Amino acid sequence: MIVVAVFLAAAAGMTLIRIVRGPSTLDRIVAMDVLLAITVCAIAAEAAWSRDATGLPILLGLSLLGAVGSVAVARFADPAAARKSGTGVGES
Amino acid sequence: MAGARDRLVAVAALTVVWMLLWGVFSWLTLAGGLLVSVLVLAVFPLPPVTFAGRLRPVGLLRFAVRFVVDLWVASFQLAWTALAGRRAPRSAVLAVRLAVRSDLNLTMCAEAVSLVPGSLIVDLDRAAGVLYVHVFDVAGPADIARFRREVRGIERRIVEAVGSDAEIAVVGGGEG
Amino acid sequence: MLLGAHLVAAVLAPVLVRWAGPRAFYLLATVPAAVVGWAVTHRSGQWSQPWVPGLGLSLAFRVDTLSWLLVLLVGGVGALVLVYCGSYFAPGTEGLGRFAAVFTGFAGAMLGLVVSDDLLLMYVFWESTTVLSYLLIGHTGVDRPNRRAALQALIVTTAGGLAMLVGLVILGEHAGGYRWSQVAAALLDGPLLTVAVVLILVGALSKSAVFPFSFWLPAAMAAPTPVSAYLHAAAMVKAGVFLVAGFAPMVVAAGGAAATVWRVSAVGLGLVTMLVGGWMALFQNDLKLLLAYGTVSQLGLLTAVLGFGTAGTALAGVAMVVAHALFKAALFLVVGVIDKAAGTRDLRRLDGWGRRAPLLVAVAVPAAMSMAGLPPAIGFAGKEAVFAALLDAGVVGRLVLAGVVAGSVLTVAYTARFLWGAFAGRPAADDATVAAGADGSLLVAPAVLAAAGVAAGFGAQGVGRVLSPYADGFRGSADHLALWHGPGVPLVLSVLVVAGGLLLFRLVPAGRSGPRPGGRGYERVMTGTDRLAVEVTGATQRGSLPFYLALILLVLIATAGPAMVAGWPGSTAVRLWETPSHLLPVAVLIVAAVFAVPARRRLTAVILVGVTGYANAVVFLLHGAPDLALTQFLVETVTLVMVVLVLRRLPGHFSQRPGAWRRRIRVGIGVAVGTVMAGVGHLAVSARQAAPVSQAYPELVVPWGGGHNIVNVILVDIRAWDTMGEVAVLVAVATGVASLIFRRAGRLHRRGPVETPSDPPRDEPVWLMAGHTVEAGRRSTMVEVVTRLLFHVILLLSVYLLLTGHDTPGGGFTGGLVAGLALTVRYLAGGRYELAAAAPVDAGAVLGAGLLVAVGTGAGALVLGGQVLQSAVLDLHVPLLGEVHVVTSTLFDVGVYLIVVGLVLDVLRSLGAEVDRHAAAAVAGEPAPARKEELV
Amino acid sequence: MSVSLLVAVGVLFAAGTVLLLERTLTRVLLGVMLLGNGANLLVLAASRAGAPPIVGVADPERMTDPLPQAMILTAIVITLGMTAFLLALAYRSWLLTGHDEVQDDAEDRRVRELADRDEGSDAEALEAPR
Amino acid sequence: MGVTAVLDAVAGLCLLGGALLSLAAGVGLLRFPDLLSRMHAATKPQVLGLLLILSGAAIRLGTVVDITTLVLVGVFQLITAPVAAHMVGRAAYRAGLVRRELLLVDELAAARGREHGSGGE
Amino acid sequence: MTWLVPLPVVMPLLGAAATLLMFRRPRVQRAISVSVLTATLVVSAALLVLAAGGPLVVAVGGWPAPLGIVLVADQLATLMLVVSSAVTLCVLLYSIGQGGADGDEEHPLSVYHPTYLILTAGVTNAFLSGDLFNLYVGFEILLAASYVLITLGGTETRIRAGTTYVVVSLLSSVIFLAGIGLIYAATGTLNMAQLVERLDALPDGVRLVLQGMLLLAFGIKAAIFPLSAWLPDSYPTAPAPVTAVFAGLLTKVGVYAIIRTETLLFPGGRVADLLMVAALSTMVVGILGAVAQSDIKRLLSFTLVSHIGYLLFGVGLASRAGLSAAVFYTLHHIVVQTTLLLVAGLVERRGGSTALDRLGGLARTAPVLAVLFLLPALNLAGIPPFSGFLGKLGLIQAGAGEGSALAWLLVAGSAVTSLLTLYALARVWNLAFWRTPATDPAAAPLRSSRLMVTSTAVLVVAGMLFTVAAGPLYALTDTVAADLLARSPYVRAVLP
Ligand code: NA
Ligand code: NA
């Protein structure tokens with residue numbers, strides 16, 4: 001179990017690095033998605049470990065709605081204008 | 001009458017979800033599920049989903065098994081690439097034209113293709129029924145051709161699992 | 001009492017004046033006349049009624065010799081001046097009604113002042129006279145000098161008054177009461193008494209325009225002449241004299257340092273004032289100003305004499321009070337007559353009025369003789385008595401006498417100048433317009449006053465007898481008052497004074513323009529105050545939000561920091577972590593928070609802050625708070641969407657960061673705040689001794705609250721009152737968001753679904769209600785289909801969370817958030833038309849309905865006889881379905897659910913749809929700020 | 001209270017403070033959010049970690065204190081509302097001025113300038129003697 | 001007894017595999033050169049990883065109530081993850097965040113070029 | 001009769017819900033608001049009468065103290081309730097008279113009514129709450145509503161000013177919340193009556209920290225120097241009725257919280273000197289600010305800050321006389337400050353501005369307005385016989401009774417502040433009411449409706465009533481002060 005925790009922790013750490021480093025907002029969004037997925041994993045793993053199901057409703061919420069944030073960002077990314085001004089998603 | 005069928009399907013599907021949420025299979029849950037589903041559908045109406053096909057257990061199973069296998073294989077390939085792989089693998093953006101042009105089919109294929117590692121839907125063209133897929137780790141034209149085949153295979157299995165007879169005919173004809 | 005009559009009269013005055021014009025003054029004059037009538041028949045009396053016992057303030061009145069005398073003067077002079085006003089003002093003069101009201105009110109206040117038995121009540125009237133005199137001096141306020149003089153008088157006398165108030169409080173608090181008798185009976189001693197005495201004296205001197213407060217009085221001559229006559233002869237300034245006279249017996253009897261200070265100040269300053277005022281009067285060309293300086297001088301004399309504190313000086317002093325009131329009022333009124341007739345008060349331009357108006361001279365001369373201290377007027381008797389009393393008062397007395405004599409010389413001199421200036425000379429031949437002379441009716445009042453002065457002179461012995469009870473309050477005995485004492489030193493002095501005065505008058509050149517009213521000190525103090533105000537305000541009121549916040553945080557550091565260090569527990573068992581698994585989310589949280597600070601892109605910062613939020617949620621979960629975790633996850637998602645909705649319009653980068661040192665300061669403050677908060681957190685937790693109240697909850701929630709999830713039972717039952725307030729907060733902010741975004745208030749209706757999308761193209765399968773309205777480039781079939789499939793599922797989940805919350809994590813908040821996110825998904829997939837189609841209701845109505853349900857549930861319990869927000873648990877047996885467990889607090893949760901949905905819907909309508917519309921309008925050419933950068 | 005939570009509280013407050021002291025309203029908003037999270041954690045720290053406070057699932061002895069949770073939940077939702085409002089404020093500010101920076105108060109600046117020039121107040125100037 | 005132990009072991013393996021895949025995702029996210037590659041790394045091992053961990057949890061928890069919930073979680077994740085990936089991927093492609101030199105073929109560019117005349121890339 | 005206790009909160013909230021549902025029908029909204037606030041006033045008055053027999057305590061939801069939330073209607077709370085609901089009612093009438101309907105950008109009524117009612121509910125909740133966290137919620141309610149009201153119409157100045165207000169308030173809320181968290185951490189309870197005993201048991205250092213946090217949070221809301229500078233920057237820009245009700249009430253809620261917590265939770269005057277120093281600097285800096293202003297609304301905002309110093313002075317003395325005077329002065333100040341700002345609104349409509357350099361001659365052109373300004377202005381300046389004088393007198397007496405050097409300094413400071421208040425207001429009179437303006441006001445004056453003038457006049461008269469009824473009122477505040485100092489009546493009522 002410790003191994004599981006360490007793996008997940010390492011994954012989270014690397015994801016966090018990507019969030020901090022970017023370089024683009026979409027990179028960060030992707031990384032945040034991954035972080036949420038890792039969180040889901042961690043919660044489920046914790047539930048499995050402790051045989052405690054109280055966290056499961058959280059998983060329902062996360063799995064159904066966790067992506068809404070990144071969809072919102074992606075939805076309002078305006079590539080045309082971004083390209084025009086030269087300061088779009090790709091900039092760090 | 002098609003509308004009524006669609007609505008019944010919707011209520012049934014939602015009731016199933018409701019019962020799964022509660023995890024209790026009792027008359028009370030069933031009644032509650034029916035009530036809430038009807039209520040939700042009445043308060044927030046949406047255009048009915050016209051589901052022309054029907055569920056085919058064999059096709060469904062075949063799709064599921066193949067999907068899981070694909071998932072495993074591709075996942076570990078990708079994981080391997082990530083953990084130990086070379087730097088900067090090449091990729092490609094491919095256009096794949098589907099045989100059945102319904103939105104539902106388009107979406108289900110897109111979902112399935114997306115879920116299988118190594119491919120990502122970059123765009124889709126509903127009028128032409130084309131998926132634009134970003135494919136990871138492509139070495140050459142052979143890979144490209146293989147990939148197109150894979151996508152069509154996925155489509156066929158999906159249609160065989162849930163499609164109407166007419167659609168199955170289309171896929172069957174389009175194969176090859 | 002008669003005070004009430006004054007009040008009523010004052011209130012009615014404007015009405016009367018409007019109705020009867022200046023003749024109303026005659027009617028008003030009956031009120032003070034009635035006072036005189038009362039005083040003639042009653043020599044003493046008292047009446048009291050508690051007012052504010054908690055402050056020792058009572059409506060206590062009493063009349064003794066001193067106050068009786070002043071009642072007489074205040075009422076008599078008041079009545080006469082009002083009569084004078086009746087002829088003085090032309091009908092239709094602007095602001096006459098107001099003037100009449102204020103004047104009558106002033107007379108009443110003055111009356112109240114002298115008959116108050118309660119020192120605080122006296123202060124009440126004292127300040128009333130100040131304020132009313134401000135209004136009288138300012139008059140119509142059109143002229144700048146009037147306004148300035150009024151303000152000056154107000155500030156100076158109020159300043160003195162406040163000092164006096166403090167002095168009075170010192171005495172009263174010691175004595176345990178504020179009656180004159182109480183204070184006198186339990187007089188304080190020691191240095192505090194000295195302080196009190198000085199403070200009271202400051203009040204008295206400022207009111208009486210004694211040095212160094214003299215300057216306001218001459219300036220106040222800007223007021224209409226009747227005002228000057230009353231305020232500055234009989235009324236306002238006499239208040240100070242009255243106070244000196246009132247306190248003198250007490251203080252002098254107390255002896256010690258206080259008495260010495262009292263004597264030195266009152267007498268010394270009084271003499272200085274007398275001399276300086278007299279000297280200034282001598283050089284005035286404006287008759288009114290001349291009289292005003294004369295008043296200053298006389299008030300100095302009165303203060304010195306009354307403050308001296310022997311029986312003799314006391315009697316002489318009150319006699320002089322009578323004299324001064326009579327002659328000064330008369331003379332002012334005479335000047336008014338001249339001014340009105342001649343159109344000027346400048347003695348250089350007045351010529352030959354003695355011949356033109358012999359009656360006027362007949363009135364003026366006796367009054368002037370009283371002023372100069374010539375027989376047979378009361379002024380002579382008074383002055384003689386002063387000389388005599390001072391002669392009897394040892395070395396100090398003689399020293400004072402020397403001053404008084406010198407002052408008297410000046411008095412004679414300026415009196416001469418007055419008479420000469422007003423009446424001497426030959427009339428100019430062409431001056432026909434004013435030749436009619438003075439209006440006879442105007443002369444009634446001054447004539448009566450002058451006659452009274454002479455009559456009092458002849459009846460000096462009677463006056464003395466009547467006033468002597470006052471002098472009995474002092475040690476020693478007073479000579480009786482008389483017009484003729486026989487030859488003696490006082491008479492010699494009187495002769496010398498007259499001679500010297502006339503000589504001095506001859507020496508002063510006539511046409512020299514006199515010195516202007518002083519008050520440079522006052523000016524300096526006031527401009528200094530103003531400058532100080534500007535400097536202090538400029539230094540503290542920076543107008544900068546970061547500055548204010550930094551100040552608050554510094555106060556936090558400065559107060560909590562040292563207290564924390566002081567209270568640091570000696571030894572506590574500190575755990576490194578709650579559980580080891582805490583460390584991961586905590587680490588993520590820390591890293592994200594730290595990197596959020598320097599981020600230059602808005603979205604980067606937003607995402608990093610979002611990550612801290614998610615990490616926080618995990619901490620909650622690990623801590624044993626699944627409800628919190630669920631809520632935090634959902635809230636964080638909703639927040640991210642909201643932020644993105646706004647940020648899509650804002651520039652992508654933050655503008656320039658502040659300079660390095662500013663940044664360092666900020667970081668410094670931040671680190672300090674963080675340290676302090678963590679420190680106090682440790683401190684508080686280690687101080688815990690008692691078990692928390694929540695320990696009782698686990699066994700109560702099921703039987704009382706009908707639920708297993710304690711947190712939810714707390715929210716909807718145990719502390720539902722909090723939740724009710726919290727949803728009110730949400731309703732308010734939702735309303736606010738809409739009011740900020742919908743540019744015109746009328747467009748608030750757009751919170752409702754006013755827009756109906758166009759029909760979708762025929763040939764296309766329809767997934768959403770308005771999916772086709774999204775511009776082609778942004779549409780995605782995949783998104784539309786999935787939204788279509790999942791929308792109802794999400795709603796189902798929200799209902800599930802709502803219903804199950806009482807027993808497992810969930811509840812109205814989370815349910816509402818999920819439902820709100822369902823709407824968000826619709827909006828993201830199909831745009832603003834889709835949102836309108838998804839929720840065809842007004843967001844405000846949803847909020848209102850939710851609030852109604854939530855609060856109504858609470859109120860319903862009240863109506864049903866329970867406690868507000870009390871819940872009931874019902875276990876029903878339904879055939880076929882089995883046991884149904886219903887808790888009424890679920891209904892409350894439904895209200896909460898609706899409000900949260902309403903909030904999200906409102907935000908989507910505002911920050912989503914309406915901002916879309918702004919953007920579309922901007923594209924269409926409506927002027928809007930240009931976007932410099934895009935969102936991502 | 002454990003050191004890890006203390007540190008988290010401290011960092012959240014520190015970072016929140018620095019952002020709060022900025023002029024850009026977006027940053028201020030983020031600062032408020034961080035401070036809110038910090039305060040929530042501080043409240044949470046009043047209780048020891050334990051089992052979720054759900055009767056029947058966990059032993060009451062092992063349960064963590066539910067009362068701070070209720071407080072935090074209220075605070076979270078209130079902060080959500082405030083965030084929405086601040087965002088609207090930032091947007092409105094941008095709409096009107098083209099940026100979301102908090103400017104200094106104009107009246108205060110005027111008084112400050114008077115102070116710098118060693119002058120009296122405007123009101124005083126109006127009635128100054130001539 | 002034996003059954004429980006076996007189930008626990010299976011569950012443990014599932015968890016371990018899931019964690020490993022998550023780790024791989026993290027590594028890929030960090031190592032891959034451009035956004036789209038990183039997205040492959042990020043979203044895909046996640047799907048299987050998540051499913052594995054959910055299965056592990058289902059085995060460990062073992063009650064109907066929890067299993068149904070976990071099934072729903074899995075299904076929801078399978079449906080929503082591709083949508084998010086699609087939206088981000090589309091935005092990335094349109095924003096030009098694709099490293100062209102790494103692309104062997106770009107049929108979308110060709111299609112867009114046809115559509116917009118010379119306007120495309 | 002305890003069922004009456006929650007009504008001052010519940011009724012406005014129900015009213016808010018109803019007005020939200022009726023948002024398209026301004027007339028109905030008005031009718032609802034007026035009747036709800038009238039009912040609140042009546043209930044408050046009834047509670048005041050009932051509270052004379054001892055505090056009325058309600059355990060909300062039937063959860064007995066200290067388990068749940070209690071509402072405590074003691075004499076202090078009910079006094080505040082009566083005065084505040086009277087003031088809110090008058091201001092409501094004034095704003096209705098001011099008119100403005102949807103479509104008028106400055107005064108969107110469909111937002112105004114619900115928000116105003118929520119504000120009222122927040123204020124009453126803060127007064128009634130016997131639970132520390134619920135006090136926080138009460139504050140949040142009134143703050144949230146105030147954020148909306150202060151930015152009403154969304155003009156540039158209002159946004160700028162509103163931002164300052166909102167952000168500072170948010171910081172104070174964070175500090176308050178953290179303070180509550182710490183108090184709970186240290187004591188395990190939120191019930192104020194129970195906190196009495198549990199806080200007493202804490203080590204001094206910890207108590208001091210907790211006290212400091214709460215004082216800081218309330219000090220910001222009450223606008224105590226140096227936490228006060230935000231106020232004059234934000235209040236004056238809002239619509240007149242909003243400024244009026246903010247100035248009159250919101251800071252007083254902070255003061256109320258200070259009085260309540262300092263006497264009940266942290267007695268013993270450990271920070272008395274600190275409070276006194278703060279009081280002095282608040283008075284002096286505030287009034288100097290007023291002197292430096294040339295706009296009536298801003299000037300009044302500074303006098304507001306300054307006079308908070310008076311209240312703090314009384315609290316700092318921590319004696320019965322001091323508290324009694326502070327409570328009395330608080331009640332007085334609510335009414336008079338509100339009145340003056342309403343008058344400022346009338347002035348703005350009559351003269352087109354509140355800037356002194358643009359006004360003039362109002363005493364001649366608008367004599368009624370002149371009277372309406374003069375009386376409360378004198379009252380504020382503490383001119384007898386008005387209530388401002390009585391309150392100030394009480395404070396000076398209490399200060400003299402205490403007799404320490406600092407107390408004497410404050411007595412002097414009070415006197416100076418009073419004088420400068422008079423100076424500032426007299427200057428307003430000189431310039432705006434007496435002086436003939438150099439130029440004609442550019443904008444045609446807006447007519448003030450009869451309702452506006454009447455409601456202002458009612459408040460002016462209410463201010464006078466404080467003088468007439470000062471005897472019984474002061475006796476009441478005296479018993480309030482005694483109860484506050486004794487603490488036991490409160491504790492016994494809540495935890496029998
Ligand atoms: Na209950
Ligand atoms: Na707040």
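Since the structure is predicted, the reported quantities are computational estimates derived from the model, not experimental observations. A, B, ... follow the sequence lines: proteins, then strands. Residue 1 opens every chain.
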Participant: Quick one: what part of F:T467 sits under 4.5 Å from any heavy atom of chain C, side chain, backbone, both or neither?
Facilitator: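 Both backbone and side chain of F:T467 come within 4.5 Å of chain C.
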Participant: Would you indicate whether the side-chain heavy atoms of C:V52 and F:L393 approach each other to under 4.5 Å?
Facilitator: no
Participant: Contact part of F:D204 toward chain C, heavy-atom cut-off under 4.5 Å: side chain, backbone, both or neither?
Facilitator: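 For F:D204, no heavy atom lies under 4.5 Å from chain C.
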Participant: Where do F:L216 and C:V555 come nearest, in terms of heavy atoms and distance?
Facilitator: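 Shortest heavy-atom separation between F:L216 and C:V555 comes out as CD1-CG1, 3.6 Å.
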Participant: Over 60° means perpendicular and under 30° means parallel, so classify the ring planes of C:Y134 and F:W434, tilted if in between.
Facilitator: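 Tilted, since the angle between the ring planes falls between 30° and 60°.
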Participant: Between atom CG of C:L57 and atom CD of F:Q397, what is the distance when rounded to the nearest 0.5 Å?
Facilitator: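 Reported to 0.5 Å precision, the distance equals 8.5 Å.
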Participant: Once you round to the nearest 0.5 Å, how far does OH of F:Y136 lie from CD of C:E726?
Facilitator: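 Those atoms lie 9.0 Å apart.
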Participant: Give the C-alpha distance, both sets of side-chain angles, the deciding distance and a yes or no for ring pair (Phe, Tyr, Trp, His ring centres under 6.0 Å) between C:W126 and F:F389.
Facilitator: CA-CA 13 Å; C:W126 179 280; F:F389 161 70; over 10 Å; no
Participant: Can you tell me which portion of C:A854 sits under 4.5 Å from chain F's heavy atoms? Options are side chain, backbone, both or neither.
Facilitator: neither
Participant: Between F:Y474 (side chain) and C:W51 (backbone), is there a donor-acceptor pair under 3.5 Å?
Facilitator: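 A pair under 3.5 Å: no.
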Participant: Is there a donor-acceptor contact under 3.5 Å from the side chain of C:R144 to the main chain of F:R435?
Facilitator: no
Participant: Looking only at heavy atoms, what is the nearest atom pair of C:G543 and F:D233, with distance?
Facilitator: CA-OD2, 3.3 Å
Participant: Of the backbone (N, CA, C, O) and the side chain (C-beta and beyond), which part of F:A59 lies under 4.5 Å from a heavy atom of chain C, both, or neither?
Facilitator: backbone
Participant: Quick check: closest heavy atoms across C:L162 and F:A415, and the distance to 0.1 Å?
Facilitator: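 Heavy-atom minimum between the residues: CD1-O, 3.2 Å.
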Participant: Pick one of side chain, backbone, both or neither for C:E173, based on which atoms fall under 4.5 Å of a heavy atom in chain F.
Facilitator: side chain
Participant: Between F:V284 and chain C, with a heavy-atom cut-off of 4.5 Å, which part of the residue counts as in contact: side chain, backbone, both or neither?
Facilitator: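 For F:V284, no heavy atom lies under 4.5 Å from chain C.
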Participant: Grab the two heavy atoms, one from F:G61 and one from C:D717, that are nearest each other, plus how far apart they are.
Facilitator: O-OD1, 4.3 Å
Participant: Please classify the contact between F:I159 and chain C as side chain, backbone, both or neither, with a heavy-atom cut-off of under 4.5 Å.
Facilitator: side chain
